[in-house]
Amino acid sequence: MTPGAEVVVRPLSPTQAATRRRLLDAARALATESGYDAVGMRAVAARAGVSPPTAYLYFASKDHLLVDVLVELVGHTTTTLTARPRRGRSPVERAVATLRRAVQNVEKQPRLYVALTRAYIAGSPEVAHARPALESATRRWVDLALGDHEVGDRNAIVRILEDVLFANMVGLVTGGRAPGEIADALELAARTLLRER
């Protein structure tokens with residue numbers, strides 16, 4: 001996708017929206033139960049009660065389908081954090097609490113998040129539309145935690161925290177990280193970057 005290009009999503013009828021929802025729910029359930037390899041388009045279609053050709057009308061591949069699940073989950077996390085922002089005595093404590101809360105579901109459902117991350121890092125063209133939403137999530141989470149508090153180079157801090165999160169999610173996929181270590185890594189990075197001088 002070229003920079004600045006927009007993804008055009010055709011309007012869906014209520015029936016089409018319901019079919020798309022069933023496909024997303026089926027993919028999420030299969031990934032939660034059995035991981036990335038279980039999420040074939042035929043298996044998803046069967047679970048959703050549609051034919052494989054129908055599934056392909058909505059999603060170009062299983063990676064496309066799984067990344068759309070990931071975008072929904074990240075969006076839900078952002079909505080939850082926005083509705084109930086963490087309170088704390090300092091920007092550091094708020095940032096740590098917010099980031100821990102943002103990734104808590106990875107520890108609860110590691111098989112699902114390994115599958116979703118594998119789909120995203122595959123880098124196939126049909127997942128490129130998700131990049132802006134996913135890459136802006138950490139910025140939003142940190143902005144929610146820090147508010148208007150001055151923290152130095154906020155852009156650099158956010159970029160480093162994004163990179164720590166991404167590196168640890170890749171580590172989860174490759175087996176180099178355990179689910180519980182991701183929140184710990186984010187906390188270490190946040191405390192290091194935001195420590196009061």
Side-chain angles (χ1 to χ4, degrees), residues 24-25 27-29 31-32 35-36 39 63 65-123 127-196:
L24 290 165
D25 291 345
R28 180 176 175 178
T32 301
Y36 179 83
V39 187
D63 287 346
L65 177 52
L66 286 168
V67 167
D68 278 16
V69 172
L70 179 58
V71 169
E72 280 195 354
L73 292 174
V74 167
H76 177 72
T77 295
T78 302
T79 299
T80 300
L81 294 174
T82 303
R84 293 189 316 251
R86 284 295 191 218
R87 303 288 179 230
R89 291 176 300 191
S90 71
V92 175
E93 295 305 322
R94 287 195 302 274
V96 166
T98 299
L99 292 169
R100 280 194 168 276
R101 191 167 160 217
V103 299
Q104 68 185 357
N105 287 328
V106 175
E107 194 166 352
K108 293 177 184 175
Q109 299 177 302
R111 195 175 287 153
L112 170 64
Y113 282 89
V114 166
L116 301 179
T117 304
R118 278 185 68 181
Y120 181 61
I121 65 177
V127 305
H129 69 280
R131 194 168 296 123
L134 297 176
E135 290 179 352
S136 67
T138 309
R139 168 170 289 284
R140 180 66 180 137
W141 300 341
V142 174
D143 283 343
L144 283 167
L146 299 178
D148 294 331
H149 194 85
E150 291 295 326
V151 293
D153 189 344
R154 184 180 291 234
N155 287 334
I157 289 168
V158 170
R159 179 64 184 267
I160 292 167
L161 289 171
E162 286 173 345
D163 289 349
V164 169
L165 175 57
F166 185 72
N168 278 271
M169 291 304 296
V170 171
L172 184 65
V173 171
T174 63
R177 288 284 182 272
E181 292 178 316
I182 295 171
D184 292 342
L186 283 169
E187 176 170 352
L188 176 62
R191 289 190 183 283
T192 302
L193 291 165
L194 298 170
R195 66 174 176 261
E196 296 178 351

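It should be emphasised that the depicted structure is a prediction, and the values quoted were computed from it without experimental measurement.
- Looking only at side-chain heavy atoms (C-beta outward), P85 and T98 stay at 4.5 Å or farther from each other.
- A pairwise comparison of heavy atoms in A130 and V71 identifies CB-CG2, 3.5 Å as the closest pair.
- Looking only at side-chain heavy atoms (C-beta outward), V67 and L116 stay at 4.5 Å or farther from each other.
- Identified under the side-chain hydrogen bond (donor to acceptor under 3.5 Å, both in side chains) test for residues 105-122, with sequence neighbours left out: none.
- Remark: N155 pairs with R139 by the side chain to side chain donor-acceptor pair (under 3.5 Å) rule, at least two apart or across chains.
- Classification of E93 and R191 as a salt-bridged pair holds, one side-chain N sitting under 4.0 Å from a carboxylate O.
- Put simply, the side chain of L186 reaches to within 4.5 Å of the side chain of L165, judged on heavy atoms.
- The CG atom of L134 sits 10.5 Å away from atom CE of M169, with the distance rounded to the nearest 0.5 Å.
- Rounding to the nearest 0.5 angstrom, the gap separating the CG atom in D25 from the OG1 atom in T32 is 10.5 Å.
- Pairs of residues two or more places apart, or lying in two chains, that qualify as salt bridge (charged side-chain N to carboxylate O under 4.0 Å, His left out) and include a residue from residues 161-181 are R159-D163.
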Check residues 72-79 and write down every donor-acceptor pair under 3.5 Å in which the side-chain atom is one partner and the other belongs to a residue at least two apart or another chain.
{"from": "E72", "atom 1": "OE1", "to": "R21", "atom 2": "NH1", "distance (Å)": "3.3"}
{"from": "E72", "atom 1": "OE1", "to": "R21", "atom 2": "NH2", "distance (Å)": "2.8"}
{"from": "E72", "atom 1": "OE2", "to": "R21", "atom 2": "NH1", "distance (Å)": "2.9"}
{"from": "T77", "atom 1": "OG1", "to": "L73", "atom 2": "O", "distance (Å)": "3.1"}
{"from": "T78", "atom 1": "OG1", "to": "V74", "atom 2": "O", "distance (Å)": "3.1"}
{"from": "T78", "atom 1": "OG1", "to": "W141", "atom 2": "NE1", "distance (Å)": "2.9"}
{"from": "T79", "atom 1": "OG1", "to": "G75", "atom 2": "O", "distance (Å)": "3.0"}

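- Between L193 atom CG and I160 atom CD1 the span is 5.0 Å, to the nearest 0.5 Å.
- Scored by the salt bridge (Lys or Arg N to Asp or Glu O under 4.0 Å) test, R154 finds D143 as partners (sequence neighbours excluded).
- Pairing each heavy atom of A190 with each of L99, the nearest pair is CB-CD1, 4.2 Å.
- Minimum interatomic distance between L172 and A178 (heavy atoms only, all atoms of both residues): CD1-C, 4.1 Å.
- Between L112 and R28 the shortest side-chain heavy-atom distance falls below 4.5 Å.
- Closest of all the heavy-atom pairs between A31 and L66 is CB-CD2, 4.2 Å.
- Using a 4.5 Å heavy-atom threshold, the side chains of T192 and L188 count as touching.
- The two residues L194 and P91 come nearest to each other via the heavy atoms CD1-O, 4.4 Å.
- Among pairs with a residue in residues 95-106, those fulfilling salt bridge (charged side-chain N to carboxylate O under 4.0 Å, His left out) read R100-D184, R100-E187, at least two apart in sequence or across chains.
- Summarising the geometry of G35 relative to A115, their closest heavy-atom pair is C-CB, 4.1 Å, with the distance given to 0.1 Å.
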